[in-house]
Amino acid sequence: MALVPCQVLRVAILLSYCSILCNYKAIEMPSHQTYGGSWKFLTFIDLVIQAVFFGICVLTDLSTLLTRDSGNQEQERQLKKLISLRDWTLAVLAFPVGVHTTVLPFILIEMRTSHHQYPSRSSGLAAICTFSVAYILWVCWIHHVTGMWVYPFLEHIGSGARIVFFGSTTILMNFLYLLGEVLNSYIWDTQRSMEEEKEKPKLE
């Protein structure tokens, strides 16, 4: 059974992220050798998130192809769980963190080619806040252990300014989550309207 273009595209995107990660890890930078390694940088964490997300997308595509017309209810239940995981990962991590670190084109392509069901707004915002606070605590812990800030400009501002900065980044992540939710709804509401317009009988 031939793969449709969007499935091939997801495989290509996944391979590109895997290649970028391999090359990233191969670069010998002093900051990569210190406490926390590459994992202290949001850019690297985002690359991992994107690779995991598109890995889930590819796995979902393969599972869909394998379970199509099988009539196996258990397989269909597992596929639904996988689709829910894919949609949650896009909504809570891949889009907000991806936009924050400018890998927007691949995410927009994914949003355009497949409909994604966003979680409830309260649970989605709670999840993105948890991610943001966890990363901020991780950055603060690295400073506690090494005496150095992951991002040098934090060394040159006061404690109050750091609190404002960390709070602002958390608010930004919440805004990006809401932006993704609105964008996803707009894309698919527009497409649904176009399909309904095509289905209307033409007037003589």
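Once rounded to the nearest 0.5 Å, the distance linking OG1 of T60 with CG of L85 reads 7.5 Å. Between the CE atom in M111 and the CD1 atom in I109 there is a gap of 12.5 Å [rounded to 0.5 Å]. Rounding to the nearest 0.5 angstrom, the gap separating the CD atom in Q117 from the CZ atom in R86 is 10.5 Å. Once rounded to the nearest 0.5 Å, the distance linking CG of D46 with CZ of F41 reads 14.5 Å. Separating the CZ atom in R112 from the CG atom in N184 is a distance of 11.5 Å, to the nearest 0.5 Å. Note that the CG atom of N23 and the SG atom of C18 stand 11.5 Å from one another [nearest 0.5 Å].
Contact record, Y118 with G180: OH-C, 3.1 Å, taken as the closest heavy-atom pair. Closest of all the heavy-atom pairs between F95 and L179 is CE2-C, 4.2 Å. Across all their heavy atoms, R162 and I157 have their closest contact at NH2-O, 3.0 Å. The heavy-atom pair separating G36 from W138 by the smallest distance is CA-CZ2, 3.9 Å. Residues C140 and F166 share a closest heavy-atom pair of SG-CE1, 4.0 Å. A pairwise comparison of heavy atoms in A51 and L14 identifies O-CD1, 3.3 Å as the closest pair.
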Steps toward side chain to side chain contact (heavy atoms under 4.5 Å, CB included) verdict (F44, L21): CA-CA 8 Å; F44 178 77; L21 281 170; 3.6 Å; yes
Would I187 and H115 satisfy side chain to side chain contact (heavy atoms under 4.5 Å, CB included), going step by step from the backbone distance to the final call? CA-CA 9 Å; I187 289 172; H115 179 263; over 6 Å; no
Run the side chain to side chain contact (heavy atoms under 4.5 Å, CB included) test on M148 and I142 for me, step by step, so that the C-alpha distance in whole Å, both residues' side-chain angles and the decisive distance to 0.1 Å come before the verdict. CA-CA 7 Å; M148 301 286 291; I142 291 172; over 6 Å; no
Show, in sequence, the C-alpha distance, side-chain angles and deciding distance for Y17 and V52, and conclude whether the side chain to side chain contact (heavy atoms under 4.5 Å, CB included) test is met. CA-CA 9 Å; Y17 276 122; V52 169; over 6 Å; no
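The side-chain contact (heavy atoms from CB on, under 4.5 Å) test applied to S63 returns L59, L79, L82, not counting sequence neighbours. Partners of L178 under the side-chain contact (heavy atoms from CB on, under 4.5 Å) rule, at least two apart in sequence or in another chain, are R121, L125, E181.
Hydrophobic clustering of Ile, Leu, Val, Met, Phe, Trp and Tyr side chains at less than 4.5 Å, counting indirect connections, keeps I171 apart from Y151. The same ILVMFWY cluster, assembled from side-chain heavy atoms under 4.5 Å apart, contains both L183 and L172. No path of Ile, Leu, Val, Met, Phe, Trp and Tyr side chains, each step under 4.5 Å between heavy atoms, connects W149 with V133, placing them in separate hydrophobic clusters. I83 and I56 fall into different hydrophobic clusters, where Ile, Leu, Val, Met, Phe, Trp and Tyr are joined by side-chain heavy atoms under 4.5 Å apart, directly or via other members. Under a hydrophobic clustering in which Ile, Leu, Val, Met, Phe, Trp and Tyr are joined whenever their side-chain heavy atoms come within less than 4.5 Å, directly or via other members, L15 and F53 fall into the same cluster.
Counting heavy atoms from C-beta on, the side chains of T146 and T34 never come closer than 4.5 Å. The shortest distance between side-chain heavy atoms of I107 and V99 does not fall below 4.5 Å. In this structure, R10 and D61 have side chains that are in contact, with non-hydrogen atoms separated by less than 4.5 Å. Considering only heavy atoms from C-beta on, M173 comes within 4.5 Å of V97 through its side chain.
Aromatic ring orientation, Y135 versus F131: parallel (interplanar angle below 30°, classes split at 30° and 60°).
In the model, S19 has no side-chain atom that pairs as donor or acceptor with a side-chain atom of S16 under 3.5 Å. In summary, the side chains of H143 and E155 do not present any donor paired with an acceptor at a separation below 3.5 Å, with no hydrogens or angles considered.
Tested against T169 for a side chain to side chain contact (heavy atoms under 4.5 Å, CB included), the candidates I136, L42, N174 yield a single pass: I136.
The neighbour count for F175 CZ, taken as heavy atoms of other residues, nucleotides or ligands under 6.0 Å away, does not exceed 12.
Within the 3.5 Å criterion, the main-chain N or O of A94 finds a donor-acceptor partner in the side chain of Q50.
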